[in-house]
Amino acid sequence: MKVTKRNGNLVIYDDQKLVSSILRANSETDEELSTNAAAYLSDVVIGRLAKEHDIITTALIRDGVYRALLEKGLPMTAQKYRDFSKTEA
């Protein structure tokens, strides 16, 4: 699967990069999230997006992960993730 970045480049989706970003955001909080839970969350978000959109963008991924973290009861991780992903290119 390919993802369109903000600069318009098309890149191959890397699930480990997304899981790593989620865990990095979580490490900045007191909330608990295991590597397995982050990987599952990533899979769920990407699965939803693949069903709903022909072209997946980094913005869609960011928003999907943000919502999924909120649904999981991790508001601080969600905010840190959103902050981190806005600064990454």
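Heavy atoms only: backbone and side chains are in, while hydrogens, waters and symmetry mates are out.
Atom-to-atom distance recorded for Lys17:NZ and Ser42:OG is 12.5 Å, nearest 0.5 angstrom. Considering OG1 of Thr57 and CG of Leu10, their distance stands at 11.5 Å, rounded to 0.5 Å. Here the CG-CZ distance, from Asp83 to Arg62, works out to 10.5 Å after rounding to the nearest 0.5 Å.
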Inset, instruction - Report the C-alpha separation of Thr29 and Asn26 in whole Å, then their side-chain angles, then the decisive distance to 0.1 Å, and conclude whether the side chain to side chain contact (heavy atoms under 4.5 Å, CB included) test is met. - result: CA-CA 5 Å; Thr29 73; Asn26 180 250; 3.7 Å; yes

Inset, instruction - Could you give me the CA-CA distance, side-chain angles and deciding distance for Glu52 and Leu60, then say whether side chain to side chain contact (heavy atoms under 4.5 Å, CB included) is met? - result: CA-CA 11 Å; Glu52 298 171 1; Leu60 287 171; over 6 Å; no

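Considering all non-hydrogen atoms of both residues, Val45 and Ala68 come closest at CG2-CB, 3.7 Å. Annotation for Leu70 and Pro75: closest pair CD2-CA, 3.7 Å, computed over non-hydrogen atoms. Among all heavy-atom pairs drawn from Ile56 and Met1, the shortest one is CD1-SD, 3.3 Å. Between Ser34 and Leu23, the shortest heavy-atom contact is O-CD2, 3.9 Å.
Linking ILVMFWY residues whenever their side-chain heavy atoms come closer than 4.5 Å, directly or via other members, places Ile22 and Leu74 in the same cluster. Taken together through direct or relayed side-chain contacts under 4.5 Å among Ile, Leu, Val, Met, Phe, Trp and Tyr, Val19 and Tyr40 form parts of separate hydrophobic clusters.
Leu69 has its side chain within reach of Tyr81: a pair of non-hydrogen atoms, C-beta onward, lies under 4.5 Å apart. Residues Ser27 and Lys80 form no side-chain contact, since every pair of their non-hydrogen atoms from C-beta on lies 4.5 Å or further apart. At least one side-chain heavy atom of Val3 sits under 4.5 Å from a side-chain heavy atom of Ile61. Contact of the Arg82 side chain with the Asp63 side chain is registered, since non-hydrogen atoms from C-beta on lie closer than 4.5 Å. A heavy-atom distance below 4.5 Å is found between the side chains of Leu18 and Ile46.
Enclosure of atom CG in Asp14 by more than 12 non-hydrogen atoms of other residues, nucleotides or ligands within 6.0 angstrom is indicated.
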